[in-house]
There are 2 protein chains.
Amino acid sequence: MEKTAFRHELAQQLRVDSIRASDAAGSGHPTSSMSAADLMAALVDGHLRLDFDRPDHHHNDHLIFSKGHASPLLYSCFKAAGAVDDAELLSFRGFGSRMEGHPTPALPWVDVATGSLGQGLPIGVGLALTGKYLDQLPYRVWVVCGDSEMAEGSIWEAFEHAAHRELDNLTAIIDVNRLGQTGETMHGWDLDSYADRARALGWNAIAIDGHDPEQVESALTEASSTTGRPTAIIARTKKGRGVSEVEDQLGAHGKPVKDTAEAIEELGGTRDLRVDVSKPGDGELPHQFRAEGGTLPHYEKGGSEVATRKAYGQALRALGSQRADVVAMDGEVSNSTHSEQFREGHPDRYFEMYIAEQQMVAAAVGMQTRGWKPFSSTFAAFLSRAYDFVRMAAISRADLCLMGSHAGVAIGEDGPSQMALEDLAALRAVHGSTVLYPCDPNQTARLLEPMADRPGICYLRTSRGAYPTLYSPDEEFEIGGSKTVRDGDHVTLIGAGVTVHEALRAAEQLASEGLRARVLDLYSIKPVDAAALRAAAYETGALVTAEDHWPEGGLGEAVLTALAESGVQVPVRKLAVSTMPGSGKPAELLNQAGIDAESIAAAAREVTRERVT
Amino acid sequence: MEKTAFRHELAQQLRVDSIRASDAAGSGHPTSSMSAADLMAALVDGHLRLDFDRPDHHHNDHLIFSKGHASPLLYSCFKAAGAVDDAELLSFRGFGSRMEGHPTPALPWVDVATGSLGQGLPIGVGLALTGKYLDQLPYRVWVVCGDSEMAEGSIWEAFEHAAHRELDNLTAIIDVNRLGQTGETMHGWDLDSYADRARALGWNAIAIDGHDPEQVESALTEASSTTGRPTAIIARTKKGRGVSEVEDQLGAHGKPVKDTAEAIEELGGTRDLRVDVSKPGDGELPHQFRAEGGTLPHYEKGGSEVATRKAYGQALRALGSQRADVVAMDGEVSNSTHSEQFREGHPDRYFEMYIAEQQMVAAAVGMQTRGWKPFSSTFAAFLSRAYDFVRMAAISRADLCLMGSHAGVAIGEDGPSQMALEDLAALRAVHGSTVLYPCDPNQTARLLEPMADRPGICYLRTSRGAYPTLYSPDEEFEIGGSKTVRDGDHVTLIGAGVTVHEALRAAEQLASEGLRARVLDLYSIKPVDAAALRAAAYETGALVTAEDHWPEGGLGEAVLTALAESGVQVPVRKLAVSTMPGSGKPAELLNQAGIDAESIAAAAREVTRERVT
């Protein structure tokens, strides 16, 4: 069959199969699939280079469906490529099926989960950065976007960064089918409005009729041959194209077509075409950076005070010397998070993400799909900007490390906008996450190695201020562990980060009153050291938790959950920040929040009285 | 003094006072203030219309420092206007001072907190929408942006919406001082790069030298007289302008100048100029929409099943009929959240925010500063996209209502990207927030009235599926309350939303085994009904919590905290979603997650055995 005719037939098959899969599921987005079928038929027949038998092949192109709800189209392409069979296609949205409602890496050819709109393109930027600057391989990144998702600000971040880093290995295919879920988009079929934006942002932009095979072919060819900048193919399409019941109709979003048989007939019936997707050659191996070895920084116990954020930067630089796969990036605050240390030591593996936290996390997600170990840092408060990206990263089964600095009221004068007081709750409530909060520079440094090997989202919370070094440089710290930094049998004071230091001061005060307080450094908030908590409860009979965080979802509730699961029942006093802070000195704010040594000591007196009565 | 000379002197005073305030505090951002001083001198002397003695005056303009770290400049303007005295200015960043490190509404002329970059402009869009479409008053909104924050995607969302809604009452003044915190921005002094973007997005853009008084005057005049579209004034400035130690220097961000005396001398010394900021006239009162009255929808107890999201839409429409101050908006899923009901009933008070959740929450923040009662809705999972905006809204002391639909694994086939499983944790960990999760349409409807009057961030979680109507239409529901939907004295099963229905089924199973389970509908997750929980613990001796949410930070931990505070110690089993779900039928996924009736019954058997032994 001649190429144009074949692609037309293939596109019709993709439409039919999208309809059949959605019909079998009783739900799904066939019309959002049908608009992009001609674009996909051309892409898989001659442009995409992907060896389905070797999903981890270094030279494979990467295909990301940013409009993840068009999963029937993606899965229909996989079927046409021979990667899945018809029976599996028709298991769409069924329990246990890899054909999930929105794509996830349950399928080996899906790098990342999509379905939260506006995420595929920034993740594609991450993969394109990886191809150009880390792997240094010629694979291309193709991202299929919907027009509705162009309203997401994360798209702007992706456009900015892709142009700034000259990502000519990246193509965004924008399926301008005009209709969103409830109505017309802001720009309808005004292709120029998209093209003008793309060009103003430094992209090559090509506006086409997305159902015209010649225009599609020409645009894809131009995208691959354009150098120095990414290309956006802005394709005018019709939602539900080819089936009169739904074509360009409002009210046909996100549901099967009503009369499947008639729709299939209108599309020319079912087909069983197979497309030979081009395989990439073997070519060169990914670039390897040089690991020169070296050791983590050491800090003298009881020596000069070093902020944990500073230890992070120094240790990350050292880790980067030990391991060539570690990369770092920052949201334009690298002199505050001290990730500038890594930048200075390993400039080729450092990425400046400017003040674009969503793009920062998305870039990390893209990089880790290729086996790199990204560490992304900014103020902990500003990681909240990327929370949806972190949520989705967990669904992508991403392994990446986040560092948030300037935690809590202890930052002092900058005031509440800069104080992370919800980060422990937010990051604990991410599936498979790890949440660490060191109080000391040696502890911080030592935790970076297990972080880098930890699966899932690993979050390290650091402090602005410098506090005494409690641990010797050779102390070992496990994820999931804790440290008893002062022993006692009357009550246990539990803190992490700054409150460990406050708890130690409280224990001193209590000792002078004859109350022997144990101080537990619960640096691993998730997973939490349930055995140590159980022992503390059993041995001391009363607990006080103190955290520089709102009362909900943080250290205190992690402790309560662990105790509930352990079955030991003892009185617990949970101290946390419960009034809105303003500016002030750290000590003033810790006092106002009721989490300083005096507050902890008062709670310990209370809770031990409660136990006695 | 002649106008140009006066403004120059005033700008120098603003610079000097910014330096003095930062010097007194020992921290702050004088150089980021100095770059915009000429712009602000012109704005307050002849363009801004603001009666400082009547901060709530309907006709006041609104001034938002999106670059909130330039607070010394803002406070110096307030001093020049006679609104604060020099002593208060010099209390900058002190404990208890209104002169916080970043502006907050502790000051009556500050509408909203800023300091998380990229938020002031979208909030300004919200205020401009309010002026044009709700208040229908001619006040203007002036937003001072930094160039670094232009990298935030929320800026794109704001640009898109401002142009789409033709907000000619909005002016963005972009202080292009070239230097970010650690280095040069992506675009440096390339004013065209900003202007091209703004124009492509439909704005009027004026590129000027931000230190040239005539260009500044002309641009501000043009901004006020431009109709049909917003204006961006893109001003080339020098960071630290006027002090050679820091002018256009890297490394001078976010710290006092070293030699304050010399810097002040270079700027011509201290001054005590007073600027007469123009006062607006009294003019018309804000527009009043018509409240036609009516009652909330009623649902027959035990009647046909109605999803809580549907009840939300119907009740919100009714609330809009009762109260003319209620407005609604949605992230382009109004036929899923059922906010389309409100749109149909009250089209003039409904705002389509497209798929731009950050702008949606920001718009609500802007609207509530003028006394409107915004309800913003989208899938609960996608509220995570706006988490930083919610965090900051609490610091802004905003009163607004959020509704998140499609909670948990119970949504079924769409898969994990669409399932909110972290929203309870995230929203609980917001200062002063309220978190509600109804299980029944009457309960949903009844909760809307107290939500509208509730201070702070009020979050309502709704379900996709329809379940039996448990309550009669005249049942009352308080925020902070709970309902015992089945009595029993052997164990208490605690749920909310879908797990109430599962707990009721579990209680049936247990009854057949002779175990009398109480079922508590904990629809108010925050504040939580501690008295009912204490009573349940005391009277039944064992608790099971079940929630369609990750195990961290949700209903279960709210219960554990309440119990810890109550001092009653009983065994608790906390059931929650602990494996990554895929697609499937709701019942399959509830079973896999271990939160269905069978799992709850099994936990109840276990926990009662534990109590006995």
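In this text, all values refer to a predicted model and were calculated from it rather than measured experimentally. Proteins get letters first, then strands, A, B, ... in listed order; numbering begins at 1 in each.
Classification of the Y387(A)-Y387(B) ring pair by plane angle, with boundaries at 30° and 60°, yields tilted. Under the 30°/60° scheme for interplanar angles, the aromatic rings of W156(B) and W156(A) are found to be tilted.
In this structure, L560(A) and T561(B) have side chains that are in contact, with non-hydrogen atoms separated by less than 4.5 Å.
In this structure, chain B has a heavy atom under 4.5 Å from the side chain of Q358(A), while its backbone stays farther away. For E588(B), the parts sitting under 4.5 Å from any heavy atom of chain A are the backbone and the side chain alike. Of the two parts of S27(B), only the side chain, counted from C-beta on, holds a non-hydrogen atom closer than 4.5 Å to a non-hydrogen atom of chain A. Only the side chain of R397(B) comes within contact range of chain A, judged by heavy atoms closer than 4.5 Å. Contacts between F389(B) and chain A at a heavy-atom distance below 4.5 Å involve the side chain alone, from C-beta outward. For a residue to count as touching a neighbouring chain, one of its non-hydrogen atoms must lie under 4.5 Å from one of that chain's; by this rule M419(B) touches chain A with the backbone only. For V570(B), the part lying under 4.5 angstrom from a heavy atom of chain A is the backbone only.
Per-residue counts of heavy-atom pairs under 4.5 Å with chain A were compared for T114(B), L117(B), L383(B); the largest is that of L117(B). Ranked by non-hydrogen atom pairs under 4.5 Å with chain A, the options S71(B), G415(B), G94(B) are led by G94(B). Between chain B and the options H253(A), K574(A), Q119(A), E157(A), heavy-atom pairs under 4.5 Å are most frequent for E157(A). Per-residue heavy-atom pair counts under 4.5 Å with chain B were compared for L201(A), V572(A), L421(A), and the maximum is reached by L201(A). With respect to chain B, the highest number of heavy-atom pairs below 4.5 Å among A429(A), G553(A), G254(A) belongs to A429(A). Ranked by heavy-atom pairs shorter than 4.5 Å toward chain B, the options N335(A), I395(A), D414(A) are led by D414(A). Per-residue heavy-atom pair counts under 4.5 Å with chain B were compared for A356(A), A426(A), P416(A), and the maximum is reached by P416(A). Contact count versus chain A (heavy atoms, under 4.5 Å) is highest, among R573(B), E357(B), E149(B), for E357(B). Top candidate by heavy-atom pairs under 4.5 Å with chain B, chosen from H187(A), M186(A), E352(A), is M186(A).
Evaluation of the salt bridge (Lys or Arg N to Asp or Glu O under 4.0 Å) rule for E565(B) yields no partner, not counting sequence neighbours.
Scanning all heavy atoms of the two residues, the minimum distance from T185(B) to Y354(A) falls at C-CE2, 4.0 Å. Here the closest non-hydrogen pair linking A381(A) and D388(B) is O-OD1, 3.8 Å. The minimum heavy-atom distance between G115(B) and F382(A), with the atom names listed, is O-CZ, 3.8 Å.
The side-chain contact (heavy atoms from CB on, under 4.5 Å) test with R385(B) singles out one residue from E152(A), M392(A), R391(A), and that residue is E152(A).
Rounded to the nearest 0.5 angstrom, I525(B) CD1 and E552(A) CD are separated by 12.0 Å.
Applying the side chain to side chain donor-acceptor pair (under 3.5 Å) rule to pairs touching residues 415-428 of chain B yields H102(A)-Q418(B), E557(A)-R428(B), D423(B)-Y459(B), D423(B)-R461(B), sequence neighbours excluded.
No donor-acceptor pair under 3.5 Å is formed between the side chain of E332(A) and the backbone N or O of G180(B).
Residues Q181(B) and S336(A) bring a donor and an acceptor atom of their side chains to less than 3.5 Å of each other.
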Quiz: residues 577-587 of chain B side-chain donor-acceptor pairs under 3.5 angstrom, not counting sequence neighbours:
| unit_1 | atom_1 | unit_2 | atom_2 | d |
| --- | --- | --- | --- | --- |
| S583(B) | OG | G101(A) | N | 2.8 |
| S583(B) | OG | E413(B) | O | 2.7 |

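Within residues 192-200 of chain A, the residues having any heavy atom under 4.5 Å from a heavy atom of chain B are, by residue number, D196(A), R197(A), A200(A).
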